[in-house]
Amino acid sequence: MPVEKYAVVLEGLVGTEATGSYAPDIVERVRRLRAERFAFERRQGRWKSFM
């Protein structure tokens with residue numbers, strides 16, 4: 001599976017309740033890493049806040 005497709009599938013799975021109940025520790029880690037990545041991108045000026 002290409003890396004890009006894997007990332008899309010992983011992001012889709014992290015958002016589901018079934019995944020959260022099956023592997024809550026992994027889901028929490030992926031969500032935390034995603035939040036850290038977005039925070040870094042915002043600090044670099046690559047993501048603009050719409051609020």
Side-chain angles (χ1 to χ4, degrees):
M1 178 181 297
V3 174
E4 295 82 12
K5 183 168 176 98
Y6 175 78
V8 170
V9 170
L10 181 63
E11 289 295 323
L13 287 173
V14 168
T16 65
E17 287 294 322
T19 307
S21 63
Y22 180 75
D25 51 339
I26 295 172
V27 170
E28 183 60 34
R29 180 166 190 235
V30 171
R31 287 179 180 167
R32 182 176 38 84
L33 291 172
R34 179 176 54 185
E36 290 174 4
R37 184 176 69 239
F38 286 150
F40 175 78
E41 294 291 332
R42 275 193 303 273
R43 284 193 304 271
Q44 299 298 316
R46 296 181 190 140
W47 289 91
K48 303 295 181 198
S49 176
F50 293 108
M51 295 183 169

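Each residue takes its place number in the sequence, starting with 1.
Under 4.0 Å is where a charged nitrogen must lie from a carboxylate oxygen, and between Arg37 and Glu41 no such pair does.
Shown here is Arg31, whose CZ atom has more than 12 heavy atoms of other residues, nucleotides or ligands within 6.0 Å.
Scored by the side-chain hydrogen bond (donor to acceptor under 3.5 Å, both in side chains) test, Glu11 finds Arg34 as partners (sequence neighbours excluded).
Cluster annotation: Val3 and Val14 are assigned to distinct hydrophobic clusters (Ile/Leu/Val/Met/Phe/Trp/Tyr, side-chain heavy-atom contacts under 4.5 Å, transitive). Note: the hydrophobic cluster containing Val30 also contains Tyr6 (ILVMFWY, side chain heavy atoms under 4.5 Å, direct or indirect links).
With rounding to the nearest 0.5 Å, the separation of CG in Leu10 from NZ in Lys5 is 13.5 Å.
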Check the pair Arg32 / Glu36 against salt bridge (Lys or Arg N to Asp or Glu O under 4.0 Å), numbers first and verdict last. CA-CA 6 Å; Arg32 182 176 38 84; Glu36 290 174 4; 3.7 Å; yes
